[in-house]
*Asks:* 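Sharing a structure, written as structure tokens. Questions coming.
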Amino acid sequence: MTPASTHVRWADTARVLAVLRPLRAALTAAEHARAALFASPLDREDYLAAHLLVRACAARATGAEAAGLSYTHSCPDCGATDHGRPRIPELPELSVSLSHTAGRVAAAAGPGRVAVDIEGTSLNSVRLAAAHRMLTPRERAAVEAAPDPQACAALHWTYKECLVKWGDAALHSTGRIEAPPLVLRQGPVRRDDRWLWTWVDGGANGTSGTTMTSERPEIEGPGRLESLLTATP
């Protein structure tokens, strides 16, 4: 089934689990086993919610029935299915990406390439140090001068993670790649071979996020999840 559109969504974990509850039966034994490895019940919920949301986005992009979709990985080097690029086996022409942080999840699906990453804006010292390791000296200076350094650091972190998911970089090399000005806009902007959109969402579960897609995406935040239960692309 050929993808007809590109969809990006992010939402609260609890809302995804509630609205997309009809899709829980589609989760595979491998996904449940992976979720069980998380020590925190909240982390397990974030993981499972992201896997429900990516199915819903895939269905919305193609017209497929989300309840009939599985999720796995494909490593181009060793052929393993527990790591590597994420994929929906029933939709081989579709690209997917997902991300989860404390209380929030994000997913993207569409033709060509897609990448999405989300990160909480309240970073503890360990995660803030991890974010800084991904930044160039100029980016670190910009983060330190920002009105909200943690949100700015999180936003740059998600951009660098998307570069890895897109295939432009490895994690160890992101600190040598300068990000463009990450201006918060109302919609995606075309940059070279991709559409780029970055956001900072405040509130109790404040998050920063980045998405990159080959085709111009339809992007929606926490509301209107019910629309994803309609398979029409």
Side-chain angles (χ1 to χ4, degrees), residues 6 8 10 43 46-47 50 54 73-80 82-87 95-102 104-185 187-201 206-217 219:
T6 298
V8 179
W10 82 95
D43 290 342
D46 292 333
Y47 174 90
V54 77
H73 295 265
S74 177
C75 177
D77 297 323
C78 68
D82 61 348
H83 64 273
R85 186 172 294 278
R87 56 188 292 266
S95 293
V96 296
S97 181
L98 59 78
S99 181
H100 49 89
T101 189
R104 283 279 175 93
V105 296
R113 285 188 284 179
V114 300
V116 68
D117 200 74
I118 192 170
E119 181 61 50
T121 55
S122 296
L123 301 176
N124 60 32
S125 59
V126 174
R127 295 182 71 78
L128 189 60
H132 275 259
R133 285 194 293 271
M134 290 187 168
L135 306 180
T136 66
R138 184 181 301 177
E139 290 168 340
R140 285 194 289 271
V143 165
E144 291 167 0
D148 187 343
Q150 288 199 7
C152 188
L155 184 61
H156 279 79
W157 188 353
T158 64
Y159 178 84
K160 297 302 180 77
E161 289 277 4
C162 277
L163 289 180
V164 175
K165 294 178 179 182
W166 189 266
D168 278 352
L171 277 175
H172 64 80
S173 66
T174 55
R176 299 192 296 271
I177 300 175
E178 194 85 34
L182 299 180
V183 179
L184 304 180
R185 303 176 184 271
V189 176
R190 186 73 180 177
R191 287 191 181 275
D192 300 321
D193 63 341
R194 71 203 66 176
W195 289 91
L196 170 68
W197 191 55
T198 55
W199 76 88
V200 175
D201 184 18
T207 51
S208 295
T210 297
T211 182
M212 300 176 184
T213 59
S214 293
E215 303 295 331
R216 185 181 180 92
I219 302 173

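Keep in mind it's a predicted model, so treat the numbers as computed, not measured.
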*Asks:* My understanding is that only residues two or more places apart in sequence, or in another chain, count here; which of them pass ring-ring contact (aromatic ring centres under 6.0 Å, His included) with Trp199?
*Replies:* Trp10, Trp197
*Asks:* Determine whether more than 12 heavy atoms belonging to other residues, nucleotides or ligands lie under 6.0 Å from atom CZ of Arg138.
*Replies:*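 12 or below, so no.
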*Asks:* Kindly indicate whether the side chain of Thr6, heavy atoms from C-beta on, has any atom under 4.5 Å from the side chain of Pro111.
*Replies:*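 When only atoms from C-beta onward are counted, Pro111 and Thr6 do touch, with a gap below 4.5 Å.
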*Asks:* Would you say that Trp157 contacts Ser208 through its side chain, given a criterion of any heavy-atom pair below 4.5 Å between the two side chains?
*Replies:* no
*Asks:* Do Leu182 and His156 have side chains that approach each other closer than 4.5 Å (heavy atoms only, starting at C-beta)?
*Replies:* yes
*Asks:* Is any side-chain heavy atom of Glu161 closer than 4.5 Å to a side-chain heavy atom of Met134?
*Replies:* yes
*Asks:* So if I apply the side chain to side chain contact (heavy atoms under 4.5 Å, CB included) rule between His100 and each of Asp117, Val105, Ile118, Asp43, which one comes out positive?
*Replies:* Val105
*Asks:* How far does CZ of Arg191 sit from CG of Leu196, to the nearest 0.5 angstrom?
*Replies:*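 Those atoms lie 6.0 Å apart.
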*Asks:* In the structure I gave you, are the side-chain heavy atoms of Asp168 and Ile177 within less than 4.5 Å of one another anywhere?
*Replies:* no
*Asks:* Quick one, Pro188 and Val8 - any side-chain contact, counting heavy atoms below 4.5 Å?
*Replies:*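 Counting from C-beta outward, Pro188 and Val8 never come under 4.5 Å.
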*Asks:* Are Met212 and Ser97 close enough that some pair of their side-chain heavy atoms sits under 4.5 Å apart?
*Replies:*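 SC-SC contact between Met212 and Ser97 ruled out.
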*Asks:* Distance check, rounded to the nearest 0.5 Å: Trp166 atom CH2 versus Thr213 atom OG1?
*Replies:*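 Interatomic distance, Trp166 CH2 to Thr213 OG1, rounded to 0.5 Å: 6.5 Å.
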*Asks:* Any chance the side chains of Arg87 and Ser74 put a donor and an acceptor closer than 3.5 Å?
*Replies:*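 No, no side-chain donor-acceptor contact under 3.5 Å.
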*Asks:* For the atom pair CD (Glu144) and CG (Leu135), what is the distance rounded to the nearest 0.5 Å?
*Replies:*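 Between Glu144 CD and Leu135 CG, I get 9.5 Å after rounding to 0.5 Å.
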*Asks:* Just so I know, are the side chains of Thr198 and Thr158 near enough to count as touching, which here means a heavy-atom distance under 4.5 Å?
*Replies:*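 No. Closest side-chain heavy atoms not under 4.5 Å.
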*Asks:* Which residue in the set His132, Glu119, Gln150 passes side chain to side chain donor-acceptor pair (under 3.5 Å) when paired with Arg127?
*Replies:* Glu119
*Asks:* Nearest 0.5 angstrom please: Lys165 NZ to Arg113 CZ, how far?
*Replies:* 14.5 Å
